[in-house]
Structures are given as structure tokens and as C-alpha cells.
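Counting starts at 1 for both ligands and their atoms, following the listed order. When reading the values below, keep in mind they use all heavy atoms of this one structure, side chains included, and skip hydrogens, waters and symmetry mates. Predicted model, so just to flag it, every value in this text is computed and none were measured.
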Amino acid sequence: MGKNMVRVGVIGCGAMGKEHVERLTNVIPQTKVVAVYDYIEEAAQEVVKKYDVTSFTSGKELIDSNDVDAVVIASADETHADYVMECLKQNKYVFCEKPLALTAKKCEEMMEIEASQGHRLLQMGFNRRFDKGYVEMKNAIDNGEIGEPLMIHSAHRNISQAPGFKTDYAITRVAIHEIDISRWLLGDEYDEVQVLKVKQSKRTDGDWLNPQLIMFKTNSGQRIDVEVQTDGAYAYDIRCQVVGEDGTLDLPDPAVVTKRKNQQVSYGLSDHWANRFSDSYDEEFIEWARGILNNQLVGASTWDGYASCVTSDALIKSRDSGKPEKVTMIEQPEIYQ
Ligand code: ISE
């Protein structure tokens, strides 16, 4: 690793992986993509040609390489855990897209290995923690500007999903952002969670449940509701309102210009998460690179990845049981405190 440059290997060259390669190559000054791997050879080769990088024949080979200082994991959900474990064992910095693992037990194993290395090595891809709007809301809460926060109303609306989408993904891939951002905003963990059945939308291009209404209760008794529409919405629209004792905070819409025409005022909304949160993806990698170079990561940790997995499991259990379910976590290891 150079003094000011992190050489990155990217595992997974699908939509997210390609976004990351472009950003780490052309936007973030402190990173340079040197290698990629994808089990679909053509996907990897497309990136190799465009960015003139090396490709490996397995993720393990990429992680093993002495030319790779840090690894970005953007492969299929079920492959994340093994790649992360390998990086942690090798004391290599790693950035992992959500979900961290398919089971909470696996996250516990990761935390043990990371703790044995004596410092944080992993940053989770919870990009919203770097979004300007959420950051401002967090600062206002922490400065006591709305008094004690009492509840959060939020919505996560998508226009469409890729083929193969399943009911559980509404939690493990979509609402997982609200699972993370709500506990980050409030600085508290969840006590219990619930999925409530709601009337289903005809605008769903498959046979999964859409929408789903999910609820969290924190240890201090705050309530959070999240409307999750995974398909058929009018835009990619993310809404969040924190209600405090002395006032409320609303996540701003992304548009900066309003148009006045035909006796109406309007402004645009995004059609896709990649546009809506573009700035936050830049910021999360700037901070990741800075964290690696200073040996002090600041973004969401393995503990946060673990918390989101435990919460997702409890939500899926509640959807099946129809009842609220407890969120039971292990004691927080010292390196995450
Ligand atoms: C995607 O992975 C995301 O992170 C988006 O925020 C979410 O809205 C989308 O449905 C997911 O596929």
C-alpha cells in the first residue's frame, strides 16, 4: 500500500460491482482498482477491458494477491460471508455490501476473528450514513435540537426489481437500509420487531409480498414504522421523519431546483438508488480509503452488519408467525464500542 493510495480488488462485477469499480477508479483519488473477479467470466472481462485491470480465476486468489491491499465484496449475497472471513483471517481491509452474511452466527465468527486481529478491518456498505440529509438529521438529534426522539416514520419505495426477487429480499436487501439507519439515528438497539400484513399491490411484477409494513421498537421504547414498496412505485423515493419532543426532522428530497409552470410548482425525484444516493457512495469510499490509510475505519462495522442480520431474522420470523418477535443480540465486543 502506498502512503496515499489503496490498491483495491473488487469481487463481483454485476450492477453494484461496476458502479464501485467506476467510482474507485475515476472518482476517489485515494483508491485504484487493480483486480477484479466474477464467476461470470464475461462480466469480469468487460471490466478488464474498460479499466485495464487484472482478473483472477477465484475470489480467494484475488484476496491472496500481494498487489491487493483491500477488497470490495459486491458479489451474490450468499457468497459474502466466506470472502469476508478470508479477508479477516489474512488481516486485509474489506468493504462488504449488505447483507454481511445469511446467518447471525456467521457474523459472530467474523467478529471473533476481527477482534483477534486487534483492530477493525471491515466496513459495511451502509451508504446512507454518508448521505448529507441523514447526516444533518443525525447531528440535529445528537445536538438535542428536537428534544428526545420518540418515533420515526419512514418509507422505502422502488419502481422495480431485478428478476428473481423474493419476499425475504424486501427485508434482507431493501429494508435493511432502514434497519441500519434508524438504529444509527437513534443510537439505540432494537428490542422487538414486527411485520404487519397489508393490502397487496397489483403493480408487482412477480409473486412476492408487496408492500410490507414493518415496525421496530427500540430498547428505550421508541417506535419506527417502515413502509416497504419493492415494486410499482411512482419513483425511487426514500422518506424519513423523526418525531421528537420539541420538533420533527424530515429527510430532504434529492432535487435542488423547483420548477414553476402552468400554475404549479414541481421538482424531480430519482428513478434509481444509484442516482438518489450517488454522493453518499462517493463519501463512503472516501471515508473507507481514509480509514485504511489512517488504520481507523469509521463507517458501519461488523457489529452493525451483525445487528442488521439479527433484526432481519426476527422480522422474517414475525412475518411467518404474525406476532412481534424479540431481537436478541450477544454482548457488544470491545473493539466496536
Ligand atoms: C438495492 O440493493 C438497494 O440498496 C436499494 O436501496 C434498494 O432500494 C433496492 O431495492 C435494492 O435492490
### Query
Among Lys98, Glu178, Met16, which residue places a heavy atom closest to atom 1 (C) of ligand 1?
Lys98
Aromatic plane relationship, [Y] with [X] - under 30° parallel, 30 to 60° tilted, over 60° perpendicular:
X      : Y      : value
Tyr134 : Phe277 : parallel
His177 : Phe126 : perpendicular
Trp303 : Tyr306 : tilted
Phe216 : Tyr190 : parallel

Starting from [atom], find the nearest protein heavy-atom neighbour and note its residue, name and distance.
atom                    : value
atom 4 (O) of ligand 1  : His177 NE2, 2.8 Å
atom 9 (C) of ligand 1  : Asn158 OD1, 3.4 Å
atom 11 (C) of ligand 1 : Arg173 O, 3.9 Å
atom 6 (O) of ligand 1  : Tyr236 OH, 2.8 Å
atom 7 (C) of ligand 1  : His156 NE2, 3.4 Å
atom 12 (O) of ligand 1 : Gln161 OE1, 3.7 Å

### Query
Can you tell me if Thr31 uses its side chain to pair, donor with acceptor, with the backbone of Leu24 under 3.5 Å?
yes
### Task
Within a distance under 4.0 Å of any heavy atom of Val174, pick out the atoms of ligand 1 and give their elements.
10 (O)
### Query
Any non-hydrogen atom of Tyr169 lying under 4.0 Å from ligand 1?
no
### Query
Can you tell me how far SG of Cys240 sits from CZ of Arg128, rounded to the nearest 0.5 angstrom?
8.5 Å
### Message
For a quick check under 3.5 Å, do Glu22 and Tyr51 share a side-chain donor-acceptor pair by atom type?
### Response
yes
